[in-house]
Amino acid sequence: MERLTMSDYGANHGIVNPVYGLPAPATAAAPATSMHGPPANMFDTVPGYEGTVAGGGGGYLPPPMPSVPMPVPEQAPSPPDWHIPSISEDRARQAFATYVSSKCCYSSAPVREGVITNMESFNTYRYRLETFMESRSTEWSQEPYTGQPVDAGVQPTPGPWQIAAQPPAFFQECKQTIKVPYTSSVKNCHLCLGMGKTPCTTCAGAGNKVCRVCNGSGYRQSDDRCTHCNGRGRENCSSCSGSGSCQCDTCHGKRQLLVFINLNVKWSTEKDEFVAQDSSGLRGQKLEEVSGKELFKDAQYMVYPVRGFPDVSVAQASERFVRDHQVKYAQTSRMLQQRQTIELIPITKVNYMWKGKPNVYYVYGNEFKVNADDYPDQCCCSVM
């Protein structure tokens, strides 16, 4: 009988989190194991892990209800000063000159001679809500048994959300796999039935195959007996060295497997964005190329929707996203932190006259990018 050995998990491994102290509910019954995978009866029944299957696929486990009251959002911050800066005529002209100099077919005459007649500011706001959360799932795993600790049944198995895991800094993506303590047991390999070998797939277990020199005839074209196979028409299989079997790929010839449950922990950030519409006439796709000036930032365990913002559509988007994130992600993940920001993407429409005709260009974003689709002095360039 196999002697059970205490695992080398630390003394604090699996201690119940004081906030999340209740075991997670069992997942729904999983689909049957594939015919090529390990049979279902290979895995023991572990309380709290009944829905665990080999290869995962059981979905994320719902986090338990907290045993103490959760933090509530802090009081909504006072509305900031939504003062919107505007760019100067010199800055607009400088950006225009830089843009034109990057175009080989654009003359600089409109930049030098054009007269700015009017500048209009159209400010577009980009609202972003990010929710940083932790998700957990489990799967049965296996590895060749080479004497690792066997601890199934030594102590009650901690629930999936009771096992300690070290999270990364907020809003950093990370994954961690933890072997669930007190689930490891030894089983005969299901693929080779504990033999350590499987039939060779190259020769179908025969140990030999048709001679590649004489193609199985035993003779060469000159009616001389084939020297490669000594006239037998068959040669030893090189894959199995003529034995007809190869080392089992599953147990690596060890005949037994250590079977255990892995806990997969994932930290991820879910993000939603809303860009308020503007009436400047600049194509919306252009705004994806630039960054904005951060006007507002709020980060805490749970955030309040933005209040008092001058653009009503931004406030409505904030309220909708905060509500949707709570409904969508709290069922399958533990929410750890939320962050919301509002960026101003400045757009300036510059009207100018050149050679008695009106023209227009746009300066937008922190990068002072310029868009001038109808530049009045272009030429056709050709490379000789």
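FYI, the numbering just counts along the sequence from 1. Heavy atoms only: backbone and side chains are in, while hydrogens, waters and symmetry mates are out.
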In terms of hydrophobic clustering (I, L, V, M, F, W, Y; side-chain heavy atoms under 4.5 Å; direct or indirect links), are V363 and V111 co-clustered?
yes

Heavy-atom neighbours of R232 CZ exceed 12 at 6.0 Å:
yes

Among R320, H325, Q340, find the one that has a side-chain hydrogen bond (donor to acceptor under 3.5 Å, both in side chains) with D272.
H325

Within the structure provided, determine whether V350 and F96 are in side-chain contact (heavy-atom separation under 4.5 Å).
no

May I ask you to test the P158-P181 pair for a side-chain heavy-atom distance under 4.5 Å?
yes

Does any N or O in the side chain of Y375 come within less than 3.5 Å of the main-chain N or O of S107, such that one atom is a donor and the other an acceptor?
yes

Any Lys/Arg nitrogen of K271 or E130 sitting under 4.0 Å from an Asp/Glu carboxylate oxygen of the other?
no

Could you tell me if the side chain of L257 sits less than 4.5 Å from the side chain of Y145, heavy atoms only?
no

With a cut-off of 6.0 Å (strictly less than), are more than 12 heavy atoms of other residues, nucleotides or ligands near CG of N118?
yes

For the residue pair V100 and K103, establish whether any side-chain heavy-atom pair is separated by less than 4.5 Å.
no

Min side-chain heavy-atom separation E173-S268 under 4.5 Å:
yes

Tell me, yes or no, whether the heavy-atom count around K187 atom NZ, taken from other residues, nucleotides or ligands under 6.0 Å, exceeds 12.
yes

Which pair of non-hydrogen atoms, one from E367 and one from S291, has the smallest distance, and what is that distance?
OE2-OG, 2.8 Å

What's the shortest heavy-atom distance between W140 and T183, and which atoms?
CZ3-O, 4.1 Å

Specify the closest pair of heavy atoms between P39 and H190, including all atoms of both residues, with the distance to one decimal.
CD-CB, 3.6 Å

With heavy-atom distances below 4.5 Å as the criterion, would you say the side chains of Q176 and W267 are in contact?
yes

Measure from the side-chain N and O atoms of S280 to the backbone N and O of F122, and report whether any donor-acceptor pair falls under 3.5 Å.
no

In the structure I gave you, are the side-chain heavy atoms of F274 and S313 within less than 4.5 Å of one another anywhere?
yes

Within the distance-only criterion (no hydrogens, no angle test), does the side chain of S333 pair as donor or acceptor with the backbone N or O of M335 below 3.5 angstrom?
no

Of M302, M133, E270, the one forming a side chain to side chain contact (heavy atoms under 4.5 Å, CB included) with Q338 is M302

If you take all heavy atoms of L129 and V322, which pair is closest and at what distance?
CD2-N, 3.6 Å

Could you tell me whether the side chain of N264 and the main chain of T138 form a donor-acceptor pair under 3.5 Å?
no

Shortest non-hydrogen separation from L61 to P160 and the atoms involved
CD1-CB, 3.3 Å

More than 12 heavy atoms of other residues, nucleotides or ligands under 6.0 Å from CG of D249: is that the case?
no

Taking the side chain from S184 and the backbone from F260, do they hold a donor-acceptor pair closer than 3.5 Å?
no

With a 6.0 Å cut-off (strictly less than), is the heavy-atom count around NZ of K254, excluding the residue itself, greater than 12?
no

F309/Y125 aromatic ring centres below 6.0 Å
yes

Axial cation check for F171 ring with R339, 6.0 Å and 45° limits:
yes

Would you say N215 and V210 make side-chain contact, with heavy atoms under 4.5 Å?
yes

Would you please classify the geometry between the Y99 ring and the Y106 ring as parallel, tilted or perpendicular, with 30° and 60° separating the classes?
perpendicular

At their closest point, which heavy atom of M119 faces which heavy atom of I87, and how far apart are they?
CE-O, 3.7 Å

